[in-house]
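Values in this document were obtained by computation on a predicted structure and should not be read as measured data. We name chains A, B, ... by the order of the sequence lines, and we start the count at 1 in each one.
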Amino acid sequence: MDVSPIIDPLNDAQREAVTAPNGHLLVLAGAGSGKTRVLVHRMAWLMQVDQIPPTGLLAVTFTNKAAREMRHRIEDLLKLEGRGMWFGTFHGIAHRLLRSHWQDAGLPENFQVLDSDDQLRMVKRVMREMQLDESRWPPKQAQWFINAQKDEGLRAEHIQQNPGDLYTNTLLKVYQRYQSLCQQSGLVDFGELLLRSHELWLHRPELLAHYQRRFRHILVDEFQDTNTIQYAWLQVLASNRVPLTVVGDDDQSIYGWRGAKVENIQQFNTDFPNARIVRLEQNYRSTGLILKAANAVIANNQGRLGKELWTDSQDGEPISLYAAFNEQDEANYIADSISDWVRQGNLRRESAILYRSNAQSRVLEEALVRQGIPYRVYGGLRFYDRQEIRNALGYLRLVHYRHDDAAFERVVNIPPRGIGAKSLQDLRDLARDQSLSLWQAAERLLEAGAVKGRARTGLGSFIEIILELSERAQSATLKELTEQAIRQSGLRDYHGSEKGEKGQARVENLDELINAMAEYEVEDEAQDPLAEFIAQAALDAGESQADEHEDSVQLMTLHSAKGLEFPLVFLAGTEEGLFPHSMSLEEPGRLEEERRLAYVGITRAMKKLVLTYAESRRMYGQEKFNALSRFVREIPGDCIQEVRLRNTVSRPAMVQRANEGLFSSQPPAETGLQLGQRVRHPKFGEGIVMNCEGSGHHTRVQVNFDDGAKWLVLAYAPLEPC
DNA sequence: GTGGCCTCTCTTTTT
DNA sequence: GAGAGGCCAC
């Protein structure tokens with residue numbers, strides 16, 4: 001057997017990881033150290049050398065994109081179809097298990113996956129039922145509470161009531177009521193998928209044993225992003241029967257705020273004491289200086305597992321630091337730089353602009369538009385999150401499963417058919433009192449003649465539509481069914497008549513959905529295709545299928561940049577308050593997470609990194625004078641070259657003042673000016689210094705001349721003290 | 001059901 | 001200061 005294609009392209013550490021005996025393995029993989037490659041090659045090794053059949057492998061990732069990419073690469077490497085291997089996200093795999101074992105999991109066969117939008121609706125409904133004041137008890141917060149508990153593996157009945165703690169007690173009640181409503185309507189939210197499949201292991205040992213025999217090895221990507229319940233799920237499944245390979249980087253853990261536990265990496269050592277540990281520290285991505293900067297920044301974090309990236313490559317160009325006058329200047333500078341770079345024969349798509357928060361993208365986009373540079377913004381509204389799509393899916397969900405209350409609430413009055421808040425409330429009341437689904441409640445009310453007038457007609461025709469579609473579903477293809485649902489429900493006309501281009505765009509999206517249905521391939525023949533499509537729509541929000549063919553600059557948040565790399569990277573808005581974000585300054589833990597985010601950002605760059613910040617920035621409607629980010633100050637001086645426009649005034653002084661963290665309205669000392677001082681201007685004559693803003697070459701002072709106050713840029717309008 | 005007005009907030013986001 | 005979400009009036 002020739003294993004050279006599997007091990008030849010690897011360095012020593014990578015090879016050690018790939019060829020480790022079929023036992024527990026922890027791979028600490030630094031940024032750009034070939035983590036995915038190791039995972040893929042290890043799968044190949046296990047199949048070829050340890051003779052594990054494809055069906056014996058389970059590979060778990062966090063995003064559908066990562067799962068697809070892995071499948072792709074293994075098929076490429078082994079020139080075979082990955083059929084039989086289980087690839088998927090934690091949620092996807094949990095869902096698959098629950099579908100197969102719905103009875104053991106205590107679910108109805110037709111259970112539906114509830115996405116966060118629908119979840120919020122359900123939470124609101126429960127809270128209204130409980131007559132909680134929405135301003136005092138924000139539904140979003142309750143939703144967050146429920147998800148956080150589920151992420152920790154806790155059911156409402158596991159959580160201790162605390163007599164004095166009104167907050168927890170109230171939210172607990174919401175949790176409890178929400179849960180029973182979901183159970184009754186056959187709805188399973190994201191957290192519930194994980195929690196339930198964990199319970200499935202615990203309550204059905206024979207099932208667990210079955211899967212433990214089936215899986216001969218489990219591989220987990222981005223292990224630092226696992227939360228408590230995910231870890232528990234893995235731990236029970238693997239225990240001491242199924243070997244685990246987990247790959248992660250504690251320095252790239254940036255999702256603590258949504259429940260990820262970096263500690264799981266340390267815990268792994270304890271729970272699996274015989275696990276082998278391999279560190280991948282050689283970086284193949286970035287230049288020497290970029291790596292040096294990244295190492296220096298991350299070294300300021302405490303309690304790391306310890307890893308220091310190194311590279312064979314040259315130092316490369318120094319990192320540029322541009323101090324912009326304001327956010328406009330920053331955006332223009334970046335757009336100019338990209339123009340230059342493209343003029344030198346580079347591709348736009350090889351450059352990326354990264355920022356901490358989405359709000360920053362607008363100014364950047366405007367500057368790119370002005371210069372006619374095509375760009376693509378990542379992470380916008382996803383296809384299945386669009387209203388019109390969710391409405392169409394709402395109808396289909398009801399066709400599939402009438403007791404899906406979330407879908408019922410969503411579309412019963414869309415398009416409007418006279419079923420207002422009052423009628424809906426009657427339905428909810430009846431449903432609650434008699435433990436019925438909204439669908440059943442509607443039937444009862446109609447039979448009893450308890451609804452009158454427009455509401456009666458509307459509700460009647462709504463039910464009629466669903467019934468007719470259900471009939472049609474028996475014989476029609478998915479595509480035909482969807483087409484009819486969109487037409488017959490009135491959604492097409494309703495969205496089409498929305499004013500402006502919006503209406504047209506919505507209809508186009510609906511057509512796109514019909515196309516997607518036509519192309520949809522059923523993965524599991526045994527499954528009802530409609531059921532499968534609906535679940536997929538909830539679990540895979542549909543990678544924004546933007547035209548990737550056009551050569552465009554990539555704009556995204558630092559979070560979405562994880563896992564990607566670009567020859568040229570701009571990191572915009574490196575200012576205190578923005579990055580690190582002001583909301584993470586209080587807790588040291590949050591600040592460390594921000595620092596890891598900085599580490600992620602820096603290590604995205606292959607050849608050239610440009611940091612920019614604005615001395616003055618409009619935020620929340622106010623002019624803010626933020627100091628240079630501490631993360632930039634943590635980079636050794638010899639890695640950085642400060643870029644200034646010409647006519648520079650005293651660069652060191654500017655940097656010093658930035659480092660001191662403050663820009664005052666007092667002009668810099670080296671200008672020889674002070675507030676209140678008399679100065680002479682060659683053209684305007686004598687005046688008094690009233691105010692100062694900015695620093696460095698952008699320093700502007702306000703001077704009161706005889707004919708009024710003027711703002712002057714010091715660099716261009718030298719003032720003489722007099 | 002829509003439009004206008006008021007208030008409130010103001011990260012990061014996958015499933 | 002902008003955008004979202006809630007509320008009220010027509």
Report task. Output, in order, the C-alpha distance, side-chain angles, deciding distance and verdict of ring pair (Phe, Tyr, Trp, His ring centres under 6.0 Å) for A:Y355 and A:H559. Result -> CA-CA 9 Å; A:Y355 36 81; A:H559 282 89; over 10 Å; no

Query raised in the report: Just checking A:N413: base, sugar-phosphate only, or nothing, at a heavy-atom cut-off of under 4.0 Å?
Result: sugar-phosphate

Requested in this report: Answer with base, sugar-phosphate or nothing: what part of the nucleic acid does A:K124 contact at a heavy-atom distance below 4.0 Å?
Outcome: sugar-phosphate

Expressed in angstrom and rounded to an integer, what is the separation of [X] atom [atom1] from [N] atom [atom2]?
X	N	atom1	atom2	value
A:K65	B:dT15	NZ	P	10 Å
A:E623	C:dA2	CD	P	14 Å
A:R617	C:dG1	CZ	P	17 Å
A:I93	B:dT15	CD1	P	13 Å
A:W233	B:dT15	CH2	C1'	14 Å
A:R128	C:dG5	CZ	C1'	13 Å

Report summary line: Base orientation of B:dT9, chi within 90° of 0 counted as syn, else anti, reads anti

Query raised in the report: Distance-only, no hydrogens or angles: does the A:R596 side chain make a donor-acceptor pair with backbone N or O of A:S253 under 3.5 Å?
Result: yes

**Report entry** Exam field: side chain A:E593 to backbone A:G256, donor-acceptor pair closer than 3.5 Å
**Finding:** yes

**Report entry** C:dA2 versus B:dT13 - spacing of their P atoms, nearest Å
**Finding:** 23 Å

Query raised in the report: Expressed as a whole number of Å, how far does the P atom of B:dT12 sit from that of C:dG5?
Result: 15 Å

Query raised in the report: Salt bridge between A:R397 and A:D118, side-chain N to carboxylate O under 4.0 Å?
Result: yes

Report task. List the steps, then state whether ring pair (Phe, Tyr, Trp, His ring centres under 6.0 Å) holds for A:F462 with A:F408. Result -> CA-CA 10 Å; A:F462 177 70; A:F408 188 99; 5.5 Å; yes

Report summary line: For DNA chain B, the dot-bracket notation using Watson-Crick and G-U wobble pairs below 3.5 Å, [ ] for pseudoknot-type crossings and | for other-strand pairs, is ||||||||||.....

Query raised in the report: Side chains of A:W233 and A:I93: closer than 4.5 Å at any heavy-atom pair?
Result: yes

Report task. Could you check if a side-chain atom of A:T226 sits within less than 4.5 angstrom of a side-chain atom of A:F90, using non-hydrogen atoms only? Result -> yes

Requested in this report: At under 4.0 Å between heavy atoms, which parts of nucleotides 4-14 of chain B does protein reach? Answer with one letter per nucleotide, 5' to 3': B base, S sugar-phosphate only, - none.
Outcome: ------BBBBB

Query raised in the report: Between A:R410 and A:N391, does any side-chain donor sit less than 3.5 Å from a side-chain acceptor?
Result: yes

**Report entry** Stacked cation flag A:R125 on A:Y178, 6.0 angstrom / 45 deg
**Finding:** no

Query - Upstream residue (5' side of DNA chain B) when A:G191 and A:G418 are each assigned their closest nucleotide - result: A:G418

